[in-house]
Amino acid sequence: MEQDEQLEDWYVRYHSIFGKRYTRKRKDRFLESLSADIRQFRSDVELDTFKLNEKDIVEYKNLYVGDIKKANTIICTYYDTPAAHLGPYQFFNVENRAKNTMMFIFISSALYIIFGLFFTWKVAVPVFQTNTLVSILSLLCILFYVLYFYFLKSVARGWPNKHNLIRNTSSVLAQLYCTKQFKNKKLAFAFLDAGCTNNAGLEKVMGQSDAVICMLDSIGSEKDLYQVMSNRKLAISSNSVEAVVTTDITNDRLLYVISGSKEKDHFILSKKELQQNQLSDTNMNEVLHFLEQLVGRDSK
């Protein structure tokens, strides 16, 4: 990726200012900024708000650049960032991700509740027994409980992960750059919601189009690059992005581009790799070259 002031600005904005995209409020702020950036050089930007079903109270939002219904190739990535979790990140395994996240929430919630009970036993009970309700010590204890229960909700919902440059800000930056560089009527881009949870955004866009979907995930690590698919016909000839066919991907229109470690039949990124605070320039440039090949092939 060529270095210029705009790229540096995007890096600071989406790594530092909008680096956490876990809650709906934070995700909406990110989308507002992203839309404003893209509208500086493109006008074909659309926000799609949807629910999985009529009874669902959760609202999702995808951002599209280009006409996804007319495109024969859609380059995608998810923009949301994960909750803190145990263990490595295992690609393509939603159940494993949910299990690791819930285990972290359970342990952190249990420790938080134990801390609250210990405070009540050792501090609050003696204070309330020996002081009036309006004393300074009693008021401080009440303030503690107000703050304690305020943060208990956040603990039970999951703490936002603070190390998100690799997963998945790296992919967001690469795709943002591509929206400026690649323009043709047969190509569209989608920034997807819920990539860290239930893949609602990906399911939505696949239901709206018959195009080949190229999904970028955690491409900025130092690990090897892979193009992973169930349909060998989607593979691009590349010396730097190894092609792997797997049954972990069930849709034959879906091609993933990832950086990670291959262990038996699975791909992972360790906690240490996820916490990297530096992008691999080599991988970022190789992915852009790969996408140029993909766009060139599918626009013929």
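With hydrogens and angles disregarded, a donor-acceptor distance shorter than 3.5 Å links the side chain of Q175 to the backbone of A190. A donor-acceptor pair is defined here as one N or O able to donate and one able to accept, closer than 3.5 Å; such a pair exists between the side chain of D80 and the backbone of G195. Listed for the R21 side chain is a donor-acceptor partner under 3.5 Å among the backbone atoms of Y79. Using modelled atom types, no side-chain atom of D252 and backbone atom of N231 make a donor-acceptor pair closer than 3.5 Å. Side chain of N93 to backbone of N96: a donor-acceptor contact under 3.5 angstrom is found. Using a distance-only test at 3.5 Å, with no hydrogens or angles considered, a donor-acceptor pair links the side chain of T179 to the main chain of L176. Not one N or O on the side chain of N62 forms a donor-acceptor pair closer than 3.5 Å with the backbone of L192. Judged purely by atom type and a 3.5 angstrom limit, S138 uses its side chain to pair as donor or acceptor with the backbone of T132. At least one donor-acceptor pair under 3.5 Å links the side chain of S209 to the backbone N or O of I68. The main-chain N or O of R29 is never found under 3.5 Å from a side-chain atom of E32 such that the two would form a donor-acceptor pair.
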Derivation of the side chain to side chain donor-acceptor pair (under 3.5 Å) call for Y11 and S16:
CA-CA 8 Å; Y11 178 87; S16 301; over 6 Å; no

Walk me through it: do K204 and D193 pass the test salt bridge (charged side-chain N to carboxylate O under 4.0 Å, His left out)?
CA-CA 10 Å; K204 177 67 173 181; D193 204 349; over 6 Å; no

Begin from the C-alpha positions of Q208 and D48 and carry the test side chain to side chain donor-acceptor pair (under 3.5 Å) through to its verdict.
CA-CA 11 Å; Q208 293 173 302; D48 182 16; 3.3 Å; yes

Please step through salt bridge (charged side-chain N to carboxylate O under 4.0 Å, His left out) for the pair D28 and K61, ending with a clear verdict.
CA-CA 9 Å; D28 286 345; K61 296 182 181 180; 3.2 Å; yes

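Residues that satisfy the side-chain hydrogen bond (donor to acceptor under 3.5 Å, both in side chains) test with R42, not counting sequence neighbours, are D44. Considering only residues two or more places apart in sequence or on other chains, Q276 meets the side-chain hydrogen bond (donor to acceptor under 3.5 Å, both in side chains) condition with none of them. With sequence neighbours left out, S218 forms a side-chain hydrogen bond (donor to acceptor under 3.5 Å, both in side chains) with no residue at all. Y22 is linked by a ring-ring contact (aromatic ring centres under 6.0 Å, His included) to nothing, counting only residues two or more places apart in sequence or in another chain.
Looking at Y60 and R24, their side chains never bring a donor and an acceptor atom within 3.5 Å of each other. Side chain to side chain, Y14 and S33 meet the donor-acceptor criterion of an N or O pair below 3.5 Å. With hydrogens and angles left out, the side-chain atoms of S171 and D217 include no donor and acceptor closer than 3.5 Å.
Remark: I136 CD1 is loosely packed, at most 12 non-hydrogen atoms of other residues, nucleotides or ligands lying under 6.0 Å away. Around NZ of K70, the count of heavy atoms belonging to other residues, nucleotides or ligands within 6.0 Å does not exceed 12.
Side-chain contact check for E242 versus V244: some heavy-atom pair is nearer than 4.5 Å.
Using the six-membered ring where Trp is involved, F92 and Y256 have ring planes that are perpendicular, over 60° apart on the 30 and 60° scheme.
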Please tabulate, for the side chains in residues 106-121, all donor-acceptor contacts under 3.5 angstrom to protein atoms that are two or more places apart in sequence or on a different chain.
from, atom 1, to, atom 2, distance (Å)
S108, OG, F104, O, 2.8
S108, OG, I105, O, 3.1
S109, OG, I105, O, 2.7
Y112, OH, Y148, O, 2.8
T120, OG1, G116, O, 2.9
T120, OG1, Y145, OH, 2.5

Mind listing the side-chain donor-acceptor pairs of residues 155-165 below 3.5 Å, one per line with the distance, residues two or more places apart or on another chain?
from, atom 1, to, atom 2, distance (Å)
N161, ND2, H163, O, 3.0
N164, ND2, G19, O, 3.0
N164, ND2, N161, O, 2.8

